[in-house]
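Below is one structure; the comments refer to it alone.
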Amino acid sequence: MYDKKSLKAEEFINDGEILDTLKYADENKDNLALIDKIIDKARLRKGLDHREASVLLVCEDSERIAKIYDLAEQIKKDFYGDRIVMFAPLYLSNYCVNGCVYCPYHLKNKHICRKKLTQEEVKSEVIALQDMGHKRLAIEAGEDPVNNPIEYILECIKTIYSINHKNGAIRRVNVNIAATTVENYRKLKDAGIGTYILFQETYNKKSYEELHPTGPKHNYDYHTEAMDRAMQGGIDDVGIGVLFGLELYRYEFAGLLMHAEHLEAVHGVGPHTISVPRIKHADDIDPDSFDNGIDDETFAKICALIRISVPYTGMIISTRESKAVREKVIRLGVSQISGASCTSVGGYAEPEEEDENTAQFDVSDNRTLDEVVNWLMSLGYIPSFCTACYREGRTGDRFMSLCKSGQIQNCCHPNALMTLKEYLMDYASEDTRKIGEKLIEKELLKKCYNTPKSEIIDQVCMPYSWRLNQEEIKKEYYDKYCKHYPMLKGKKILAILLTGELDEDEENPYAEVNWNKIFDNLDDDWIIFTNSGKLLENMTHIGYEHRNQFVYSNRTFDTREVLSFAECLVTNSGLYATYFAVKQKPIYCLKYTNCQFEKYMKRKFSNLY
């Protein structure tokens, strides 16, 4: 009997319920009224159950499929914005006692090179990953109580967290190891892991037992109930997934959603992540020998439907998939991807020799992390290296409450920008850095102009902008400038702050400006403050009566400080404009600059021109 609140695997993943669901879906695949009703329900951002989603999976109406894809894209933006979390896998050992017929680590594979990292090798691998810019790892190991006991896994976690290399540190270690006991899950929790990840492989019990003929993994119930034990052991965040291609994909899809519904019903928290791997070629493994492979379009549809069915969960896709496939499904719901992945044991510090093949599967996307980051930004996404939720205790039900209410973006968006900035400064190539700086500038401006003033200071983490708006800082800077320029005291400041002055042979944009006319129309309580020598050159002819309304600073002050007390800004700098935008006071952008900010302002605020 199906019971999503049961702790028995055969009841919360019930074969009869899945078969009834598939039958129900077949009977209603052309029921457009029902399909429209289900899509309308999905628009509420509360998710769909496995039966409703299964109906959409078999729907062949192109108009409805397009609506599903558009909705998946919008729901992803609503919950996760344009952020894409970056991580890398680290394989610790490929020793394994199981007989999984789809995995090259299976015990009978006598020609794969067996390897287990020492702690010194773990350190070398982590340093190599840190040198790329990674902050988040997913550690993996085969199941072998002799070679890979829980003590070995815990020691590796401790080693990883202990390494601080240059500006690098691994801030979150997710763990993908075999199903274990509540006691061992408590040990993992105490070790400070992030998410515990375990793929079901297949939810069809009969197929599962055939695909896992020997070893402890043969026990379907023990494996399927692992997430309940993990949560009983105190682990807040768990990640589920199936290996598409082992069983009929519609069966797996229904089972996957039933598992998510079970975790939500029993623990009040659904899966933190859902992974969607497809079986790939590997040593001793030919994916063509499995009859249930799915094409790219079906795969994309599954990703879109997971997103609208479980809108709050993170979705992961690895380098199993090609660049083209990853680009498509990122738009439809994926929120985490791996970059520069190595699926062999080690392999980051030193490339693996050809005769030492220890990889679990062949990688389809072989680009460097810098290339992946560059690519994501060129598509308009924000690569994020943030791990703040884990370190600040926003896990489990705390994370989910923020995510389901849409408030998590107030934490994650600014942190994504800050960690991207960190990556750009410490690791990025010059081209990637330039693209990233423009992206960050654009995102900060977008946030400022779409956020009520009362929320900006609290929710937009722009440290310098925040500092400029603190009353004590305003007073400090105002007093400092009034000391050096007494005429500023009690006046309103029109700041003209320029960066990158014109070259000698360029036309001076101020040459034809009638400054006397400008000052005649400037109220007496206003003063123009500038850092521009070019502007100063054209002030030589202003009348004496206006001399006290003009201040030129050639001191070694940080002229950005003026932004804290200025009433209006004229600039050619997108960065200065970003700082000042928090104040929500007038900003005018000079026309001679090629700055992207000007183009943005002309498009969004044409009245300023």
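- Side-chain atoms of Ser318 come within 3.5 Å of backbone atoms of Arg320 as a donor-acceptor pair (strictly under, hydrogens ignored).
- Taking the six-membered ring for Trp and the full ring otherwise, the centers of Phe399 and His272 sit less than 6.0 Å from each other.
- Checking side-chain atoms of Ser335 against main-chain N and O of Met315 turns up a donor-acceptor pair under 3.5 Å.
- Under the 3.5 Å distance criterion, the side-chain polar atoms of Thr224 are left unmatched by any main-chain donor or acceptor of Asp221.
- No more than 12 heavy atoms of other residues, nucleotides or ligands sit less than 6.0 Å from atom CD of Glu60.
- His267 and Asp228 are linked by a side-chain donor-acceptor pair at a separation below 3.5 angstrom, with hydrogens and angles left out of the test.
- Checked by atom type and distance alone, the side chain of Ser378 pairs as donor or acceptor with a backbone atom of Trp375 at under 3.5 Å.
- The distance from atom CG of Leu402 to atom SG of Cys389, rounded to the nearest 0.5 Å, is 7.5 Å.
- The CG atom of Asp237 sits 7.5 Å away from the CE atom of Met231 when rounded to the nearest 0.5 Å.
- Side-chain polar atoms of Tyr80 and Gln336 form no donor-acceptor pair below 3.5 angstrom.
- With sequence neighbours excluded, no residue forms a salt bridge (charged side-chain N to carboxylate O under 4.0 Å, His left out) with Arg394.
- Between the side chain of His223 and the main chain of Phe199, a donor-acceptor pair closer than 3.5 Å is present.
- Within the structure, salt bridge (charged side-chain N to carboxylate O under 4.0 Å, His left out) contacts touching residues 245-259 (residues at least two apart or in different chains) are Asp26-Arg250.
- Asp36 is linked by a salt bridge (charged side-chain N to carboxylate O under 4.0 Å, His left out) to Arg64, counting only residues two or more places apart in sequence or in another chain.
- A donor-acceptor pair under 3.5 Å links the side-chain atoms of Ser6 to the main chain of Lys8, judged by distance alone.
- Not counting sequence neighbours, the partners of Tyr220 by the ring-ring contact (aromatic ring centres under 6.0 Å, His included) test are Tyr208.
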Hey, mind stepping through His212 and Tyr102 against ring pair (Phe, Tyr, Trp, His ring centres under 6.0 Å) and telling me if it holds? CA-CA 9 Å; His212 307 90; Tyr102 53 85; 5.3 Å; yes

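- No donor-acceptor pair under 3.5 Å is formed between the side chain of Asn176 and the backbone N or O of Leu198.
- Here CG of Leu376 is found 11.0 Å from OG of Ser384. Values are rounded to the nearest 0.5 Å.
- Counting only residues at least two apart or in different chains, ring pair (Phe, Tyr, Trp, His ring centres under 6.0 Å) contacts with residues 246-266 comprise Phe12-His259, Phe12-His262, Tyr203-His259.
- In terms of the side chain to side chain donor-acceptor pair (under 3.5 Å) criterion, Thr313 has no residue partners (sequence neighbours excluded).
- Take Lys76 and apply the salt bridge (charged side-chain N to carboxylate O under 4.0 Å, His left out) test, not counting sequence neighbours, and it matches no residue.
- Figure legend: cation-pi geometry between Arg45 and Tyr312 absent, as NZ or CZ is not positioned both under 6.0 Å from the six-membered ring centre and within 45° of its axis.
- Going from atom CG of Leu420 over to atom CZ of Arg433 covers 12.0 Å, rounded to the nearest 0.5 Å.
- For the pair Lys135 and Phe385, the cation does not sit on the ring face, since its NZ or CZ is not both under 6.0 Å from the ring centre and inside 45° of the axis.
- Among residues two or more places apart in sequence or in another chain, the side chain to side chain donor-acceptor pair (under 3.5 Å) test is passed with Lys77 by none.
- If you run side chain to side chain contact (heavy atoms under 4.5 Å, CB included) between Ser338 and each of Val85, Thr319, Val372, only Thr319 comes through.
- Of the possible donor and acceptor atoms, one in the side chain of Glu371 sits under 3.5 Å from a partner among the backbone N and O of Thr368.
- No donor-acceptor pair closer than 3.5 Å links the side chain of Asn28 to the backbone N or O of Asn31.
- For Thr432, the side chain to side chain donor-acceptor pair (under 3.5 Å) partners are Asp370, Asn374, Ser429, not counting sequence neighbours.
- The backbone N or O of Asp78 lies less than 3.5 Å from a partner atom in the side chain of Gln409, making a donor-acceptor pair.
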Just list the side-chain donor-acceptor pairs under 3.5 Å for residues 293-302, sequence neighbours left out, or say none.
| from | atom 1 | to | atom 2 | distance (Å) |
| --- | --- | --- | --- | --- |
| Asp295 | OD1 | Glu297 | N | 3.3 |
| Asp295 | OD1 | Thr298 | N | 2.7 |
| Asp295 | OD1 | Thr298 | OG1 | 2.8 |
| Asp296 | OD1 | Arg278 | NH1 | 3.2 |
| Asp296 | OD1 | Arg278 | NH2 | 2.8 |
| Glu297 | OE1 | Lys328 | NZ | 2.6 |
| Glu297 | OE2 | Tyr69 | OH | 2.8 |
| Lys301 | NZ | Leu57 | O | 2.8 |
| Lys301 | NZ | Cys59 | O | 2.5 |

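- In this model, no donor atom of one side chain and acceptor atom of the other lie less than 3.5 Å apart for Ser401 and Arg398.
- Considering only residues two or more places apart in sequence or on other chains, Lys323 meets the side chain to side chain donor-acceptor pair (under 3.5 Å) condition with none of them.
- Residues Tyr196 and Tyr185 place their aromatic rings such that the two centres sit under 6.0 Å apart.
- In terms of the salt bridge (charged side-chain N to carboxylate O under 4.0 Å, His left out) criterion, Lys37 has no residue partners (sequence neighbours excluded).
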